[in-house]
Amino acid sequence: AQSVAQPEDQVNVAEGNPLTVKCTYSVSGNPYLFWYVQYPNRGLQFLLKYITGDNLVKGSYGFEAEFNKSQTSFHLKKPSALVSDSALYFCAVRDMLGSQGNLIFGKGTKLSVKP
Amino acid sequence: KAGVTQTPRYLIKTRGQQVTLSCSPISGHRSVSWYQQTPGQGLQFLFEYFSETQRNKGNFPGRFSGRQFSNSRSEMNVSTLELGDSALYLCASSFGGPNTGELFFGEGSRLTVL
């Protein structure tokens, strides 16, 4: 079965420091990978995606993610964290075994950025 | 361009009642998906509609149903509500077709079942 795992329930970072939110995946075939962010009492906002091509994907709000096929990982990164980055982050993979490919989400990682 | 609109944003029901949630996708998007979000189970896929046809379904009981209209607006219905149905229900839209693209989510409908 296709799945994603986010091994950390919470990540704590000081403002100005780099941040990494981890994601590993398990898929049959080529992975279509996504990162979303959710602020309290809000829906999910798309950050970035990897379909094919460059392993380093740049997205919204200064975030980027590195696709690593050998390690089956797709970690989210940002060089300098902001307090406003504090939110819940979800990694997702397209389930291409389904008829048209719904998204399968990880459990989410709560990012807390302290001043 | 207006985003995905979900109504109502909040609602409270009692066990045994039914509820209908509405979703208006981004203009031009023909695919609408529904997800249930709970603290314990996370985000779980309910179903997806494209051009008024359900083309993908998650692992939920038959009490959960949906439909899509010719203008791409979608509704989902939950009958005979149970306490465990309390959740944030999220609707997402996309252009449709080969699904390698991202989904655009609404703000969600928060359902509380008492």
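Naming convention: chains lettered A, B, ... in sequence-line order (proteins, then strands); numbering from 1 in each chain. Since this is a predicted model, take the numbers as computed values, not measurements.
For the atom pair CG of B/Leu103 and CZ of A/Arg94, the computed distance is 4.5 Å after rounding to the nearest 0.5 Å. Put simply, OH on A/Tyr36 and CG on B/Leu90 are 11.0 Å apart, with the number rounded to the nearest 0.5 Å. Remark: B/Gln41 CD to A/Lys107 NZ distance equals 5.0 Å, nearest 0.5 Å. Distance check: A/Ile51 CD1 to B/Glu102 CD gives 8.0 Å after rounding to the nearest 0.5 Å. Atom-to-atom distance recorded for B/Arg55:CZ and A/Asn102:CG is 10.5 Å, nearest 0.5 angstrom.
Among all heavy-atom pairs drawn from A/Asn41 and B/Tyr10, the shortest one is CB-OH, 4.4 Å. What you find for A/Leu103 and B/Tyr35 is that their closest heavy atoms are N-OH, 3.0 Å.
Heavy-atom distances place no part of A/Gln45 under 4.5 Å from chain B, backbone and side chain included. For B/Gln37, the part sitting under 4.5 Å from any heavy atom of chain A is the side chain, from C-beta outward, and nothing else.
Counting heavy atoms of neighbouring residues, nucleotides and ligands inside a 6.0 Å radius, atom CG of B/Asn59 does not exceed 12 of them. More than 12 heavy atoms of other residues, nucleotides or ligands sit less than 6.0 Å from atom CZ of B/Arg63. Counting non-hydrogen atoms of other residues, nucleotides and ligands closer than 6.0 Å to CZ of A/Arg42 gives a total of 12 or fewer.
Counting heavy-atom pairs closer than 4.5 Å to chain B, the top residue among A/Gly43, A/Gly106, A/Ala92 is A/Gly43.
Both A/Tyr50 and A/Tyr61 sit in one connected hydrophobic cluster of ILVMFWY residues. Membership requires side-chain heavy atoms under 4.5 Å apart, directly or through other members. Cluster annotation: A/Tyr39 and A/Leu47 are assigned to the same hydrophobic cluster (Ile/Leu/Val/Met/Phe/Trp/Tyr, side-chain heavy-atom contacts under 4.5 Å, transitive). B/Leu81 and B/Leu83 end up in the same hydrophobic cluster when Ile, Leu, Val, Met, Phe, Trp and Tyr side chains are linked at under 4.5 Å. A chain of hydrophobic side-chain contacts below 4.5 Å, direct or via other Ile, Leu, Val, Met, Phe, Trp or Tyr residues, connects A/Phe46 to A/Phe105. A/Leu19 is connected to A/Tyr89 through a chain of hydrophobic side-chain contacts under 4.5 Å among Ile, Leu, Val, Met, Phe, Trp and Tyr, so both are in one cluster.
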Set out, in order, the CA-CA distance, both residues' side-chain angles and the distance that settles side-chain contact (heavy atoms from CB on, under 4.5 Å) for B/Leu43 and A/Leu44, then state yes or no. CA-CA 11 Å; B/Leu43 281 154; A/Leu44 276 67; 3.8 Å; yes
